[in-house]
There are 2 protein chains.
Amino acid sequence: MDSRQVQRGGGLAAWRQIADALAADIAAGRLVSGARLPAEADLAGQFGVNRHTVRRALAALAADGLVRATQGRGTFVEASPLPYPLSRRTRFSAALARVGREASGALLASETVAASAAVAEALGLAEGAPALRLATLSRADDAPLSLAYTHVPLPRFAGLAAQYGESGSFTRAFAALGVNDYTRASTRIGARMSRPEEATLLELAPGRPLLVVDSVNVDLDGVPIQATRSLFAADRVEFEIRNPGQALPGSASP
Amino acid sequence: MDSRQVQRGGGLAAWRQIADALAADIAAGRLVSGARLPAEADLAGQFGVNRHTVRRALAALAADGLVRATQGRGTFVEASPLPYPLSRRTRFSAALARVGREASGALLASETVAASAAVAEALGLAEGAPALRLATLSRADDAPLSLAYTHVPLPRFAGLAAQYGESGSFTRAFAALGVNDYTRASTRIGARMSRPEEATLLELAPGRPLLVVDSVNVDLDGVPIQATRSLFAADRVEFEIRNPGQALPGSASP
DNA sequence: CGTGATTTGTCCGTATGTATC
DNA sequence: TGATACATACGGACAAATCAC
């Protein structure tokens, strides 16, 4: 690991070289949000410096909000989460493309179920009516972002699971079934701790928080087509609501 | 504690009386969300029943999602979070009044600071310009709901701390300083774990999650008047975004 | 419920280079 | 040149928190 060695006497303090190297690792995704950094002693070995020098670097990163150290546990990446706009036309892939990330979706499971009371109300169905339930995992640049459970009414979207499995996108899957446009009718946002199996699927350190988003999408006739509960890794995303204002400088939207 | 004793043979099962009493405690805020209930043995003593009767009551509450029992730790309140609408005219007191809760706010601290880069950008100031920073604690029916750090530009709102201290409301404090109306320009929502001191202030069990909301309000001329970071107890609130009915193809800004 | 291993937090002291007066 | 102050870096030891067992 010679490339990790700091340069001595080069005008730049050793602790700053270390801080910059770690910040670059975070920015480049080599250290994903929530990941644990090597122990201070290990980093000291990597960089060939004393542990106190590493601590000086970590203190600088912590002051910038990039990492957070916890006694007895370690130092963890607190990289800035990616902004995720919530609008009436919220689209997963489009939201990520805006910030230069690539979206992908994987189908984990699909089954036919009887609509629960909550699902039935959201979709405007009778309780117990047939619905299709999809479990999907969405990624941004290969980092798991959200685990979603989606219900759609069943006679209408019987082929949705196959379509989603092929395209990895609800927008494209709905388009293939004749719904070329839809809008967000309602959104509810809460937060809770992740359960172990959720943390595993999201490749998240155990006990990290989730943003829980319940959303309902409707087609252009206002008919509900999709009720989804999404579990976002709170470390990796931050929702954004922009209200069109009278004086917003630089609000260039296409 | 005679009032806690169950009535025997009154037609209502003892376990149901206990469940109702505990549910009432939760609804009234005597048991705040996340709080630990007394041990089953203690409750049995309070109500003058066998521990199995208490267990029957707790099982009923758990089935309703009001509490959650964890072996070896205890039984904890999982009260349903109150819905908090996020709109362009989001007002704390009005949002709570909609759901029948009373809002109150306490001023924890206020100081004059030099605007950081983030604050300066949000408020449209120069970095280092004078700003007033308020730390406030908001409650819904006496249960702490959010801990907020607010920055306002300083020559303009010099008297804001005193006004807020009196009224416990930003709406009223701004009105007293000549700003009778304002709207929400932007909202960012994330989540993270609470730090110990935050958990203490919010009367939250340690390690419970927070909803972090960064918001900017502007006056009717579009001039930013307030940049706030609010830390909501995620156990006690759920944000709601309603999109008005019909969708218009090509929904651009007005 | 302890017990030990791991890891960060904090204190002690020492030495060196650099800038300033 | 000398005195002083400051930031940087190293070495060691122990306290405190966390976690697996």
Side-chain angles (χ1 to χ4, degrees), chain A residues 1-26 30-80 191-210 233-235, chain B residues 34 36-42 51 68-76 191-210 231 234:
Chain A
M1 287 292 237
D2 280 21
S3 63
R4 300 287 278 186
Q5 298 285 323
V6 299
Q7 290 190 342
R8 315 312 293 267
L12 204 52
W15 68 264
R16 181 152 285 283
Q17 295 179 48
I18 296 169
D20 290 347
L22 293 175
D25 285 347
I26 293 170
R30 288 187 292 272
L31 286 172
V32 297
S33 193
R36 208 192 109 197
L37 274 67
E40 293 172 354
D42 293 345
L43 286 174
Q46 275 182 40
F47 287 101
V49 299
N50 188 272
R51 175 169 163 245
H52 295 298
T53 308
V54 170
R55 284 183 61 74
R56 180 72 181 85
L58 291 178
L61 292 177
D64 287 341
L66 284 174
V67 304
R68 186 177 41 135
T70 309
Q71 190 174 142
R73 299 206 331 127
T75 305
F76 297 84
V77 178
E78 288 262 305
S80 63
R192 64 169 172 82
M193 313 297 298
S194 59
R195 290 191 265 266
E197 65 272 20
E198 294 162 350
T200 302
L201 283 167
L202 288 168
E203 294 175 24
L204 208 53
R208 300 300 303 160
L210 300 177
D235 292 327
Chain B
R36 206 190 115 202
L37 273 67
E40 292 175 354
D42 293 346
R51 173 163 168 258
R68 185 176 42 134
T70 309
Q71 193 175 98
R73 299 209 320 131
T75 304
F76 296 83
R192 64 170 172 81
M193 313 297 298
S194 59
R195 290 190 265 267
E197 66 272 20
E198 295 162 349
T200 302
L201 284 166
L202 288 168
E203 295 174 23
L204 207 54
R208 301 299 303 161
L210 300 177
L231 309 176

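Each chain gets a letter, A, B and so on, in the order the sequences are listed, and its residues count up from 1. Bear in mind the structure is a predicted one, so any value in this text is a computation, not a measurement.
- Here A/Arg192 pairs with A/Glu198 under the salt bridge (charged side-chain N to carboxylate O under 4.0 Å, His left out) rule; sequence neighbours left out.
- Within the model, atoms CZ of A/Arg68 and CG of A/Leu37 stand 12.5 Å from one another, a figure rounded to the nearest 0.5 Å.
- Across the protein-nucleic acid pair, A/Leu58 atom CG and C/dT10 atom P stand 14 Å apart, rounded to whole Å.
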Just the atom pairs and distances: protein N or O near nucleotides 12-17 of chain D's N or O, under 3.5 Å.
unit_1: D/dG12; atom_1: O6; unit_2: A/His52; atom_2: NE2; d: 2.5
unit_1: D/dA16; atom_1: O4'; unit_2: A/Gln71; atom_2: OE1; d: 3.2
unit_1: D/dA16; atom_1: N3; unit_2: A/Gln71; atom_2: OE1; d: 2.8
unit_1: D/dA17; atom_1: O4'; unit_2: A/Gln71; atom_2: OE1; d: 3.2

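- For A/Arg16 and D/dT8, the CZ to P distance is 9 Å, given to the nearest whole Å.
- Taking 4.5 Å as the limit, some side-chain heavy atom of A/Leu22 sits within range of a side-chain heavy atom of A/Leu58.
- Applying the salt bridge (Lys or Arg N to Asp or Glu O under 4.0 Å) rule to pairs touching residues 37-47 of chain A yields A/Glu40-A/Arg51, A/Glu40-A/Arg55, sequence neighbours excluded.
- Counting heavy atoms from C-beta on, the side chains of A/Asp235 and A/Val32 never come closer than 4.5 Å.
- A/Leu43 places its CG atom 17 Å from the C1' atom of D/dC10, with the value rounded to the nearest Å.
- Ranking D/dA9, D/dC10, C/dT8 by closeness to the A/Ala14 side chain, first place goes to D/dA9.
- Taking only side-chain atoms of A/Ala13, from C-beta outward, the nucleotide of C/dT8, D/dC10, D/dA9 with the closest atom is D/dA9.
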Kindly give the atom pairs (protein nitrogen or oxygen, nucleotide nitrogen or oxygen) under 3.5 Å for nucleotides 13-15 of chain C.
none

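- For the pair A/Arg56 CZ and C/dT10 P, the computed distance is 15 Å after rounding to whole Å.
- Annotation: side-chain contact (heavy atoms from CB on, under 4.5 Å) contacts of A/Ala23 (sequence neighbours excluded): A/Leu61, A/Leu66.
- Distance, A/Arg68 CZ to C/dT8 P: 14 Å, rounded to whole Å.
- A/Thr53 OG1 to A/Phe47 CZ: the interatomic distance, rounded to the nearest 0.5 Å, is 11.5 Å.
- A/Asp20 meets the salt bridge (charged side-chain N to carboxylate O under 4.0 Å, His left out) test with no other residue; sequence neighbours excluded.
- One atom, CD of A/Glu40, and another, C1' of C/dT6, lie 12 Å apart when rounded to the nearest Å.
- Taking a pair to require two hydrogen-bonding distances under 3.5 Å in either a Watson-Crick or a G-U wobble arrangement, C/dT3 pairs with D/dA20.
- Backbone-only engagement by A/Arg36 is indicated by non-hydrogen atom pairs under 4.0 Å involving sugar-phosphate atoms exclusively.
- When side chains are defined from C-beta on, A/Ile18 does not count as touching A/Leu43, because their heavy atoms never get closer than 4.5 Å.
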